[in-house]
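One structure below.
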Amino acid sequence: MSVHNADIAALFQRMADLLDIEGANPFRVRAYRRAAATIGELPESVASLIERGEPLETLPAIGDDLAEKIVEIVRTGRLKALEEVEARTPSTLAALTAIPGLGPKRVHALHQELGIRTLADLEAAAKAGRLRDLPKFGAAIEAKILDDIAKHRTTEKRFSIALAEEFARDLTRYLSAAPGATRVVVAGSYRRRRETVGDLDLLVICDDGPALTDYFVRYDEIAEVVSKGPTRSTVILTSGIQVDLRVVPEESYGTALHYFTGSKAHSIAIRTILQDKGLKLNEYGVFKGKERVGGESEEDVFRAAGLGYIEPELREDRGEIEASKAGMLPKLITLADIRGDLHAHTDASDGRSSLEEMAEAARALGYDYLAVSDHSQHVIVANGLDPERLARQLDEIDRLNDRFDGFRLLKSCEVDILADGTLDLPDSILKRLDYTVCAVHFGFDFDSDRQTERILKAMDNRYFNILAHPTGRLIGQRPGYGLDLDRIIEGARVRGCFLEINAHPMRLDLDDIRCRQAKEAGVRLAISTDAHSTVGLGAMRYGVDQARRGWIEAGDVLNTRPWKELKALFDR
DNA sequence: GCCGTTTTCGGCCCGACTGTTTTCAGTCG
């Protein structure tokens with residue numbers, strides 16, 4: 001039995017939820033939450049850290065006590081302290097706090113006064129009108145809870161960044177037309193470019209807050225106004241996405257933007273630094289006593305904290321503050337650094353655009369090169385290419401390349417990694433390619449060891465260059481196949497192979513944490529769209545965003561290089 | 001329960017909105 005980081009994080013999270021409901025010391029609760037975040041984000045398995053005898057107390061938010069509890073979980077798969085809490089406070093109560101308006105205090109009361117343990121209990125009690133007489137409850141809250149339980153069942157939790165962009169674009173246009181609105185910015189996890197977005201956080205600069213929030217709630221896609229005041233309002237759109245609006249005056253633009261961008265952990269860390277310097281930070285400015293000492297720009301916030309500017313994508317309290325203090329922040333890659341796309345399909349396999357159309361679209365993007373990497377023969381449903389068809393495609397690429405000036409089609413193939421770790425095409429044809437993109441398309445249910453060995457064995461092939469969509473996950477649809485990414489990253493490093501950041505907004509595979517781990521291990525990455533049409537080439541920016549979240553610089557990425565330089569990296 | 005150029009105790013980020021508690025607790029971001 002192996003205990004994963006996610007298991008430990010989940011146990012700590014549940015511990016925090018239940019202690020919170022019990023009314024425990026809130027800082028103790030927070031300690032468990034922070035520890036859960038630390039463990040959840042750790043790129044290496046805690047079990048292997050313990051095995052190597054590395055002290056867990058050096059991890060942020062892990063002290064003597066929690067280190068001991070982590071060891072207990074890894075050894076036994078259980079946490080006795082949690083079981084003791086669960087004996088008093090059933091763990092099903094934690095789920096109730098997902099209902100808006102129900103926090104730990106009210107859930108505690110529901111359990112103590114009415115013996116409610118589950119969502120079903122809660123619904124029955126609300127229907128029977130038993131909630132309204134509890135202290136801190138009332139008829140209005142009771143009705144709202146019933147309403148939310150019904151909605152809770154049907155609404156989706158998070159939206160892909162690409163979908164969020166559509167809502168953000170329309171809302172921004174609407175709010176920009178509001179009288180007196182001088183600036184409209186989408187902040188929050190959207191601005192940090194997370195792969196999914198739970199809600200949209202909109203910041204509007206306007207001197208007349210009440211008029212602006214009045215205008216906001218008249219937006220025609222609003223299903224429900226959750227709250228509304230002179231400076232802030234929350235609504236739910238008909239699509240189910242929640243939108244939080246905040247209005248501040250111009251002189252508070254920087255501090256409000258920083259506050260509303262988050263992340264929460266980053267904001268807390270910055271405020272703590274400022275507090276140590278005798279300063280106070282809120283949405284309206286940086287203050288020394290009553291005196292305002294900054295607030296117009298985000299730079300004001302960082303300067304006051306003695307830091308250089310930190311890009312939104314890095315604001316997760318994962319070391320960016322320390323790096324900024326030390327002047328060691330990365331110079332993040334930008335879309336302008338990208339010189340070509342290393343993974344794209346044509347209508348020869350399952351793409352929808354022709355070779356020529358794809359080439360023209362890539363040239364229109366200003367690229368130096370575009371790879372043609374159709375599927376190999378094993379992927380029959382995608383009309384994968386056998387050696388003969390691939391050979392004909394390579395001849396066709398030669399003919400087209402003769403016509404191009406300052407642009408080149410690269411000869412590649414998305415070669416299937418077969419169940420035994422061999423590649424789907426013989427070396428005789430692979431050697432004609434400029435490089436390969438190799439991928440797993442079946443056997444997702446292999447256990448982690450077998451899957452890892454399968455891929456490592458494929459990497460042993462001298463024609464293996466880039467591992468495409470390394471975990472196979474589809475965001476919100478299916479988790480990645482089980483594999484030991486620590487070993488895959490190390491295996492790629494020693495063999496001179498590379499990993500892909502698949503830029504498709506439903507994949508974004510590798511994720512931010514693993515990007516950074518690969519970088520630190522010295523494994524370079526390809527940012528590739530896996531485009532199946534000319535339009536698909538436009539997804540590159542999502543991949544760049546994910547890379548930026550992973551602290552990636554232009555030099556860490558293959559396709560920021562001219563072809564000549566790249567070619568040398570592909571020769572093994 | 002963590003943490004320390006204010007070190008082993010005493011702190012721990014800050015403000016808006018809601019409902020009903022007429023002065024604020026609970027929740028949320």
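The figures here come from the full heavy-atom set of this structure, side chains too, leaving out hydrogens, waters and symmetry mates. Chain identifiers are assigned alphabetically (A, B, ...) following the order of the sequence lines, protein sequences preceding nucleic acid strands; residue numbering begins at 1 within each chain.
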Between B:dT22 and B:dC28, how far is it from one P atom to the other, in whole Å?
22 Å

Assigned chi class of B:dT7 under the 90° convention is syn

Could you tell me how far B:dC3 sits from B:dC13 if I compare only their P atoms? Round to whole Å.
14 Å

For A:Leu66, answer base if it contacts any base atom (sugar-phosphate contacts may also be present), sugar-phosphate if it contacts only those atoms, and nothing otherwise; contact means non-hydrogen atoms under 4.0 Å.
sugar-phosphate

Among A:Arg548, A:Arg549, A:Arg516, the one residue meeting salt bridge (charged side-chain N to carboxylate O under 4.0 Å, His left out) with A:Glu313
A:Arg548

Got a donor-acceptor pair under 3.5 Å from the side chain of A:Tyr284 to the base of B:dG15?
no

Under 4.0 Å, counting only non-hydrogen atoms across every strand here, what does A:Arg34 touch: a base, just sugar-phosphate, or nothing?
nothing

Start at the 5' end of DNA chain B and walk down; is the nucleotide closest to A:Leu102 or to A:Ser267 reached first?
A:Ser267

With heavy atoms under 4.0 Å as the rule, sort A:Lys228 into base, sugar-phosphate or nothing.
sugar-phosphate

Which is true for A:Gln242 with a 4.0 Å heavy-atom rule: it touches a base, it touches only sugar-phosphate, or it touches nothing?
sugar-phosphate

Among B:dG26, B:dC13, B:dG29, the one nearest A:Arg232 by side-chain distance:
B:dG29

So what does A:Phe137 hit on the nucleic acid, given a heavy-atom distance under 4.0 Å: a base, only sugar-phosphate, or nothing?
sugar-phosphate

Over-ring placement of A:Arg106 relative to A:Phe137, 6.0 Å and 45° cut-offs
yes

What integer number of Å spans the P atoms of B:dT21 and B:dT27?
15 Å

What does A:Lys277 touch in the nucleic acid at a heavy-atom separation under 4.0 angstrom: a base, only the sugar-phosphate, or nothing?
nothing

When all nucleic acid strands are considered with a 4.0 Å heavy-atom cut-off, which category describes A:Ile270: base, sugar-phosphate, or nothing?
nothing

For B:dT8, which nucleotide in any strand shown is its Watson-Crick or wobble partner with both distances under 3.5 Å?
none

Assert: residue with more 5' nearest nucleotide on DNA chain B, out of A:Gly103 and A:Pro60, is A:Pro60

How would you label the contact of A:Pro104 with the nucleic acid (heavy atoms, under 4.0 Å): base, sugar-phosphate, or nothing?
sugar-phosphate

Work out how far the C1' atom of B:dC17 is from that of B:dT7, and round it to whole angstrom.
40 Å

Measure up the A:Tyr174 and A:Tyr215 rings against each other and bin them: parallel (under 30°), tilted (30 to 60°), perpendicular (over 60°).
parallel

Carboxylate-amine/guanidinium proximity below 4.0 Å for A:Glu298 and A:Arg315:
yes

With a non-hydrogen cut-off below 4.0 angstrom, is A:Pro230 in contact with a base, only sugar-phosphate, or nothing?
sugar-phosphate

Verify the distance criterion only: is there a donor paired with an acceptor across the side chains of A:Thr255 and A:Glu283 at less than 3.5 Å?
no

When you measure only distances, ignoring hydrogens and angles, does the side chain of A:Asn25 come within 3.5 Å of the base of B:dG1 through a donor and an acceptor?
yes

